Amino acid sequence: SEDPLMNGLNNRYCVLEVSILQRNGSDAEKHLTVTASQSLQDTELCILRNGWESVPVVPGDIIHLEGECSSGTWIIDEQSGYLILYPDLLLSGTTISKSIRCMRRAVLSERFKGSESGSRQTLVGTILHEIFQQSVTNNLAQEKLEELANKIVYGQKYLKEMYHLNLRQTEILREVEEYLPSFLKWAEDFMHNPANQNKMQLKLSNDGKTEDFSCKVEIADILDIEENIWSPRFGLKGKIDVTARVKIHRQPGVQCRVMPLEVKSGKESNSIEHRSQVILYTMLNLERRVDPEAGFLLYLKTGTMYPVSGGRMDRRELMKLRNHVAFYLMHSTHESAMGRQNSQLAALPPVVDDSQACKYCSQVHNCFLYGRAVEQKMDSVSFPPAMVPIIERETQHLKPSHLEYFSLWYLMLTLELQSGEGKKGYKNIWMMPSLEREKAGDCVGNMIRVEEVQEISEGEYLHIFQRGNGTIPGTNLLVGDRVVVSGEENDLLGLATGYVNEVSVTKISCLLDRNLSKLPKNVIFRLDHEEGNFGIGVTFENLSKLMKDSPVSERLRNLIIDFHKPRFIQHLSSVLPPEAKETVANILKGLNKPQKQAMKKVLLSKDYTLIVGMPGTGKTTTICALVRILSACGFSVLLTSFTHTAVDNILLKLAKFKVGFLRLGRAQKVHPDIRKFTEEEIFRSKSIKSVADLEKVYNSQAVVATSCMGVNHPVFVQRQFDFCIVDEASQISQLICLGPLFCSKRFVLVGDHQQLPPLVLNAEAKELGMSESLFKRLEQNQNAVVQLTVQYRMNSKIMSLSNMLMYEGKLECGSEKVSNATVNLPNLIKLELDLADASKTWLKNVLDPGTPVCFLNTEKAGCNPSDIGIISPYRHQLKTITDLMAKLKENRVEVNTVDKYQGRDKSIIIVSFVRNSNEENLGALLKDWRRLNVAITRAKHKLIMVGCVPSLSHYPPLEKLLCHLQSEAMISFFSVLFSGAHENLHMCNIL
DNA sequence: GCTCTGCGAAGAGGA
């Protein structure tokens, strides 16, 4: 028997065929041939009618069916059944309710999440929600309520946002206080004296039939606040303001139900949007309890509460709407008529014919931009005539080159997003049992909660989980990783999210956004690694920002898209303040010639400088010196890189020179010695009580450091920097690298495009140029480039390889000492005695310090290359090596991938190339010149390479290297390793 | 064909 796609409530069908039937005198029907079997056999029929035929379903789609199926036929019509398109794509309640007015906006908001930047009203709304939720849970009286409002407004939780919006606590409190009387009025009416309230109409089912009746309701018990529910059944997700046990008083008696309560602090509109939100929450509730059938809409301004009964009709319309939004999100590209590997962007939902509505829309920029750059060229799309001039006007600041850049990048990002979704995606959390997912290391199941939940700070709860049956299996979950906590039962999906705090043999502790202590003690949990494709979201955001009609964006467009020549001023004297001259001169003393040139170039730059840091040329030292010089001159500096590690590398050095800085980013991700400079730690050590206090911290340092994705921080809304330095720039995706550049007047990119480029998953996106870093793109402006060519890492023999392969002989050793350095093996003499017999000479030769480079040919040896090694292109190889090393009780040697070794070095490096076959399909990894370059430039004194020469000769980069090794006779031992040679290796332990 | 780091969320109102 074969595995079905999915059974039960979360059934999953694959659509094989779609046909439309037009019957005489009646509406059209859509007939779907569907299957739940992997092999696509055993088909069933699904008939869509009464409006359901409009669902944009196409062959190949995955759907979920609700309703009745009799003898292999599903009927989805007016009376019964639902079809959910792409049920594993969970859409939020707000996304769907917003799509009522403009679906285009709803779709755009899923791509451009940061475009809604917040306002005074939204912040006040959020705070009011929290006050209300806490006050009803604790049943507060008037004085206590005011106290609570004070505590929340003057607490730390919302300070950052107030700083962001330039608001003060006093004004917020004043606004909040106006609401408090209606809080009490509501509590009086609905919690304490329900008998006094006016009657309301409710529609609920009773004994199988629906009744519409008038009643009084009483909120008897608050069961949860901000309950988070995922429903893979309806393809929905959402957070419910208040989940309450409600008593319904009517003749002849009292009925009890658990119902959702949606709280609004704005205008009392009782609008379709608001009501739809409630109806969607009643559907989410189905996932966890009996169908509530109705919910409530509470307006805090007046304390009025409206009942919302969502009948089947409403639910059906909302599901159809959801399907439509899902369709647009899943079909953002299509294959062009030209052929397979040739994707094109698809049209978005149509532009609404209502310029008034667009006036207040937060997505209007993205909407018009997409229309102008992508859709205008499509025959199938036409805009409402009245909107055409508006779209033209709002995009007139963009040249054709900008529009082209936008559509190309939008396409590449969309393709990459699709690849990411296919590979990762949340759906494994509900589609895969924890036991199965544990094998891949992305999940830990069968966990119970132990000890008390600790509230670490507002909204952060420390939970400790213990494996039900002993030790935790091997897992990829690391401290600082994001996790989703769910119940092992599918009705408790997505209970909370947070970060891993600590991992031990039997326990995992997590900082979660919700307190799970109210759940029954016997709930069994699973912790899933959260694998959101967050980075892509940032890139969409930056792309949109680059197209804005603002001076900063215009400047960057000119430089990046149109390649305007970067400008430089003539004389240092105009940037160098006299009082800084001595300090600067002192710093320069410690640098070599190309490094000094780099400093000068940066100081003279008006736009940007590119520093090529070839391997071992002291990039960190250079950047550190640069920051010191710039701050001595009185400039502010934003220091970033893609990874936290790279940022901290520089900061560790900088800290030694007593240069002050502010380090932004999650403290857990920051190096322990740098943590004291983070916001979190400063908050802990100093008392930060007001926006002014916070402002002081944010403005305290001229140097601010963070990762490229960390520039979403409100500091960067308020502060502009004189210089931005981006390290590892050749490894950062173009649009990610752009993020920090919006915050500064000039920038410096440091990198080496001869080393590894940014990672791109999608082959077509890569083909289209997505792995081109900003560094690489701008390098064509040679006048902006300085090369660091003097290296201090490798001895001359090792250096020569890379010089021949990639750098045209430009690399040079920093000193005689560097050039002649050999490995120090004090125990070698002892070992040599043992190596006397002939079968071991190969090892003797390899270990000889006078032989800095050698290549061990494993062609005939059959010697498992995994017996030796430190770096390798392949993860699997590393696993084998690590396991072997563990057997030898050797854990001091660092074993890692080539990619991870970039930016680092070691005295001895052993490279295991692995490949040992004459198969025709060559792996992609070894074809990359840059990866080989990284691999051979990590060793300072000794580079030992292992691999099968004939196999490797098929790879152009390796072929060139091998040829060189042969011709230079640098290979002390190039002959064939004999079988069983590895037996000798255990002796190396004594080294 | 096997390389992987970033990041808080859904909803806070407005017409």
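Not measured: the values here are computed from a predicted model. Order of the sequence lines fixes the chain letters, A, B, ..., with proteins taken first and strands second; residue numbering starts at 1 for each chain.
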Contact class for H644(A) (heavy atom, under 4.0 Å): base, sugar-phosphate, or nothing? sugar-phosphate
Atom CZ of F132(A) and atom C1' of dA12(B) are separated, to the nearest Å, by 15 Å
*How is R120(A) classified with respect to the nucleic acid when contacts are heavy atoms under 4.0 Å: base, sugar-phosphate, or nothing?*
nothing
Between Q277(A) and Y499(A), the residue closer to the 5' end of DNA chain B by nearest nucleotide is Y499(A)
- Task: Kindly say if T897(A) contacts the phosphate of dC4(B), meaning a side-chain N or O under 4.0 Å from OP1 or OP2.
- Result: yes
Among dT3(B), dA12(B), dC4(B), the one nearest any side-chain atom of R931(A) is dT3(B)
Testing dT5(B), dC4(B), dA15(B) for proximity to the side chain of Y360(A), the answer is dA15(B)
Notebook entry, point to check: Contact class for G535(A) vs. all strands (heavy atom < 4.0 Å): base, sugar-phosphate, or nothing?
Noted result: base
Separation of dG14(B) atom P from Y299(A) atom OH, nearest Å, is 11 Å
Winner on side-chain proximity to K239(A), out of dA10(B), dG13(B), dG6(B), is dA10(B)
**Message:** Ignoring hydrogens and geometry beyond distance, is a side-chain donor-acceptor pair present between E460(A) and S457(A) at under 3.5 Å?
**Reply:** yes
Test ring pair (Phe, Tyr, Trp, His ring centres under 6.0 Å) on H274(A) and Y299(A) and set out the steps.
CA-CA 10 Å; H274(A) 288 175; Y299(A) 289 97; 5.7 Å; yes
ask   = Just checking, is any N or O donor in the side chain of E728(A) or T643(A) under 3.5 Å from an acceptor N or O on the other one?
value = yes
| message | Over all strands shown, is E530(A) touching base, sugar-phosphate only, or nothing at heavy-atom distances under 4.0 angstrom? | response | nothing
Rounded to whole Å, the NZ-C1' distance (K98(A) to dA10(B)) equals 9 Å
Original post:
For atom C1', what is the distance between dG8(B) and dA12(B), given to the nearest Å?
Top reply: 15 Å
Just checking S265(A): base, sugar-phosphate only, or nothing, at a heavy-atom cut-off of under 4.0 Å? sugar-phosphate
Ranking dG13(B), dT3(B), dC7(B) by distance to the side chain of Y874(A), first place goes to dT3(B)
Requested in this report: Using a heavy-atom cut-off of under 4.0 Å over every strand shown, decide if L123(A) touches base, sugar-phosphate, or nothing.
Outcome: nothing
Using a heavy-atom cut-off of 4.0 Å across all strands, would you classify K237(A) as base, sugar-phosphate, or nothing? sugar-phosphate
To the nearest angstrom, the NZ-C1' distance between K113(A) and dA12(B) comes to 16 Å
_Tell me if the aromatic rings of W409(A) and F540(A) count as close, with their centers under 6.0 Å from one another._
no
With the side chain defined as heavy atoms from C-beta on, K264(A) is closest, among dG13(B), dC4(B), dG6(B), to dG13(B)
Of dC4(B), dG13(B), dA10(B), the nucleotide closest to the side chain of T94(A) is dA10(B)
Could you tell me whether the side chains of Q734(A) and E772(A) share a donor-acceptor contact shorter than 3.5 Å? yes
Judged by nearest nucleotide, the residue sitting upstream toward the 5' end of DNA chain B, G266(A) or L925(A), is L925(A)
- Message: It should be established whether Y281(A) places a side-chain nitrogen or oxygen under 4.0 Å from OP1 or OP2 of nucleotide dG11(B).
- Response: yes
Side-chain atoms of R101(A) come closest, of dC7(B), dG13(B), dA15(B), to dA15(B)
*For A357(A), report the nucleic acid contact type (base, sugar-phosphate, nothing); a contact means any heavy atom under 4.0 Å.*
nothing
Donor-acceptor pair, distance only, cut-off 3.5 Å: does the side chain of S182(A) make one with the backbone of K301(A)? yes
When rounded to whole Å, the CZ to P distance for the pair R875(A) and dT5(B) reads 8 Å
Rounded to whole Å, the CD-P distance (E227(A) to dA10(B)) equals 15 Å
| What does E262(A) touch in the nucleic acid at a heavy-atom separation under 4.0 angstrom: a base, only the sugar-phosphate, or nothing? | sugar-phosphate
For residues F183(A) and F132(A), establish whether the separation of their ring centroids is below 6.0 Å. yes
When rounded to whole Å, the CG to C1' distance for the pair N762(A) and dG1(B) reads 14 Å
- Query: Which part of the nucleic acid, if any, lies within contact of D241(A), taking any heavy atom under 4.0 Å across all strands shown: a base, the sugar-phosphate backbone alone, or nothing?
  - Reply: sugar-phosphate
Quick note, K301(A) side chain, CB onward, closest among dC2(B), dG14(B), dT3(B) is dG14(B)
Under 3.5 Å, is there a donor-acceptor pair between the E273(A) and Q277(A) side chains?
-> no
Atom CG of N270(A) and atom C1' of dG14(B) are separated, to the nearest Å, by 17 Å
- Query: Does K900(A) put a side-chain nitrogen or oxygen below 4.0 Å from OP1 or OP2 of dT5(B)?
  - Reply: yes
- [ ] Looking at every strand, decide which applies to S92(A) at a 4.0 Å heavy-atom threshold: base, sugar-phosphate, or nothing.
- [x] sugar-phosphate
- Task: May I ask you to say what G537(A) touches in the nucleic acid, namely base, sugar-phosphate or nothing, with a heavy-atom cut-off under 4.0 Å?
- Result: nothing
